[in-house]
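Working notes, beginning with the structure itself.
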Amino acid sequence: MHCPFCKSTDTKVLDSRVAEDGGAIRRRRCCAECEKRFTTIEQMQLTIVKRSGATEPFVRDKAVAGVRKACKGRPVSDDDLARLGQQVEDALRESGAAEIEAHQVGLAVLEPLKALDEVAYLRFASVYKAFDSVDDFAAEIASLMAASADGELAEERARHTT
């Protein structure tokens, strides 16, 4: 670690603490040369493995950009998209793997997007799942409607039992 003040590579860790709910480590350091103190935060780097085999670091904004297109014209705020991006990143980190296939990013987007906006979900799913026909849309809509009916039935049962 280089000192941000004098660029010396001789730094000493004074204290380490878990940060961001275990997703990072905060370290307090001291430079042996200039004796100034500074803080570093270490976080596991998620790497995305593309279909071609190439790798690149995970960038939350890039994942959200694709979702933003699906949400165009929908009542979805930037804050909603930021939360969705955090949910996707959290889901990927929870897998425990440092390298994630690009396909897994799309899968991690689907559930939170479905909960956020069903129309945006259909738009995203149609591209992500490569819908070929109206039948693909109809099947996905039927699945959404069945899940919605199941949720309403569960709510109705809960109301009658209380």
Side-chain angles (χ1 to χ4, degrees), residues 1-5 7-11 13 15-29 38-151:
M1 173 59 55
H2 292 276
C3 171
F5 305 104
K7 307 300 183 221
S8 170
T9 58
D10 189 13
T11 63
V13 174
D15 182 47
S16 294
R17 295 180 187 202
V18 174
E20 298 179 22
D21 296 327
I25 298 174
R26 180 183 177 273
R27 297 195 195 278
R28 191 74 181 137
R29 296 176 177 267
F38 59 99
T39 301
T40 60
I41 297 177
E42 298 175 17
Q43 191 171 29
M44 179 181 81
Q45 176 69 51
L46 288 175
T47 303
I48 304 302
V49 180
K50 298 187 152 219
R51 282 185 221 140
S52 66
T55 60
E56 64 182 41
F58 173 77
V59 178
R60 186 186 312 169
D61 291 340
K62 187 174 178 182
V64 170
V67 176
R68 186 178 312 270
K69 291 174 189 170
C71 293
K72 186 172 181 167
R74 299 296 304 155
V76 176
S77 70
D78 286 340
D79 287 343
D80 292 334
L81 291 174
R83 277 190 293 281
L84 184 135
Q86 184 64 53
Q87 289 174 317
V88 169
E89 185 171 348
D90 290 347
L92 295 175
R93 286 191 185 282
E94 283 176 14
S95 75
E99 289 190 342
I100 311 274
E101 291 183 26
H103 178 72
Q104 294 301 114
V105 177
L107 289 177
V109 166
L110 288 173
E111 284 306 311
L113 184 56
K114 186 189 296 185
L116 179 63
D117 187 278
E118 290 179 338
V119 172
Y121 165 80
L122 280 172
R123 290 175 178 172
F124 186 85
S126 71
V127 173
Y128 181 72
K129 294 181 176 182
F131 288 3
D132 290 327
S133 68
V134 173
D135 292 338
D136 293 336
F137 276 97
E140 198 67 34
I141 290 169
S143 173
L144 284 171
M145 291 175 75
S148 178
D150 289 345

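Counting from 1, the numbers follow the sequence of the chain as shown. Please read all numbers here as calculations on a predicted model, not as lab measurements.
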Distance-only criterion, 3.5 Å: show the donor-acceptor pairs between side-chain atoms of residues 95-104 and protein atoms not counting sequence neighbours.
residue : atom : partner : partner atom : Å
Ser95   : OG   : Leu92   : O            : 2.6
Ser95   : OG   : Ala97   : N            : 3.3
His103  : ND1  : Tyr128  : OH           : 2.9

Measure the spacing between [atom1] of [X] and [atom2] of [Y] and express it to the nearest 0.5 Å.
X: Ile141; Y: Ser148; atom1: CD1; atom2: OG; answer: 13.0 Å
X: Arg17; Y: Ile25; atom1: CZ; atom2: CD1; answer: 13.5 Å
X: Lys129; Y: Asp136; atom1: NZ; atom2: CG; answer: 10.0 Å
X: Ser16; Y: Glu42; atom1: OG; atom2: CD; answer: 7.5 Å
X: Leu144; Y: Lys114; atom1: CG; atom2: NZ; answer: 5.5 Å
X: Arg28; Y: Thr39; atom1: CZ; atom2: OG1; answer: 3.5 Å

Please report the shortest heavy-atom distance between [X] and [Y], naming the atom on each side.
X: Val88; Y: Ala108; result: CG2-O, 3.7 Å
X: Gly106; Y: Phe124; result: O-CE2, 4.0 Å
X: Phe38; Y: Thr11; result: CZ-CG2, 3.7 Å

Identify every side-chain donor-acceptor pair in residues 71-86 under 3.5 Å, counting partners at least two apart or on other chains, and give the distances.
residue : atom : partner : partner atom : Å
Arg74   : NE   : Asp117  : OD1          : 3.0
Arg74   : NE   : Asp117  : OD2          : 3.2
Arg74   : NH2  : Asp117  : OD2          : 3.1
Ser77   : OG   : Asp79   : N            : 3.4
Ser77   : OG   : Asp80   : N            : 3.1
Ser77   : OG   : Asp80   : OD2          : 3.2
Asp78   : OD1  : Arg68   : NH1          : 2.9
Asp80   : OD1  : Arg83   : NH2          : 2.6
Asp80   : OD2  : Ser77   : N            : 3.1
Gln86   : OE1  : Arg60   : NH1          : 3.0
Gln86   : OE1  : Arg60   : NH2          : 2.8
Gln86   : NE2  : Asp90   : OD1          : 2.6

Does some side-chain heavy atom of Met1 sit less than 4.5 Å from a side-chain heavy atom of Arg27?
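The answer is no; the side chains never approach within 4.5 Å.
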
